[in-house]
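Below: the structure, in structure tokens.
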Amino acid sequence: LQGRQYYRPTGRGYEKALDGLASSNDATTRAKAKVGLAQLARSRDDCPRALVLANEVIAMPDVDPVVVKRAQTIAKACH
């Protein structure tokens, strides 16, 4: 892989990328992005934001159960 450069967002870059994915037409993609944002919020000790995002995922229809379970784990950790 010599000579190839890969985009590696850092800090705000991750959040910006996830924000974009959170508006996807695909429910599971939106849910995964929101879980990512919730994890990022939790890592910043922002449990109120993480909880809002996790609860949005939990309430979404047609989402992969594995993603919902991850959101439930985040919500439980923030209570």
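For reference, positions follow the sequence shown, starting with 1.
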> Are side-chain heavy atoms of R70 and K32 found at a separation under 4.5 Å?
Replying inline: no
>> Show the nearest heavy-atom pair for residues A54 and A38, with the distance to one decimal.
In response: N-CB, 4.3 Å
Identify each donor-acceptor pair in which a side-chain atom of residues 45-52 lies under 3.5 Å from a protein atom, sequence neighbours left out, and give them as a table.
| from | atom 1 | to | atom 2 | distance (Å) |
| --- | --- | --- | --- | --- |
| D46 | OD1 | R49 | N | 3.3 |

>> For a 4.5 angstrom cut-off between non-hydrogen side-chain atoms, does V35 reach L53?
In response: no
> Under the side chain to side chain donor-acceptor pair (under 3.5 Å) rule, what pairs show up with a residue in residues 51-65, not counting sequence neighbours?
Replying inline: K34-E56
>> If I take atom CD1 from residue I74 and atom CZ from residue R42, how far apart are they, to the nearest 0.5 angstrom?
In response: 8.0 Å
> Among all residues two or more places apart in sequence or in another chain, which pass the side-chain contact (heavy atoms from CB on, under 4.5 Å) test with A31?
Replying inline: V57, M60, V63, V67
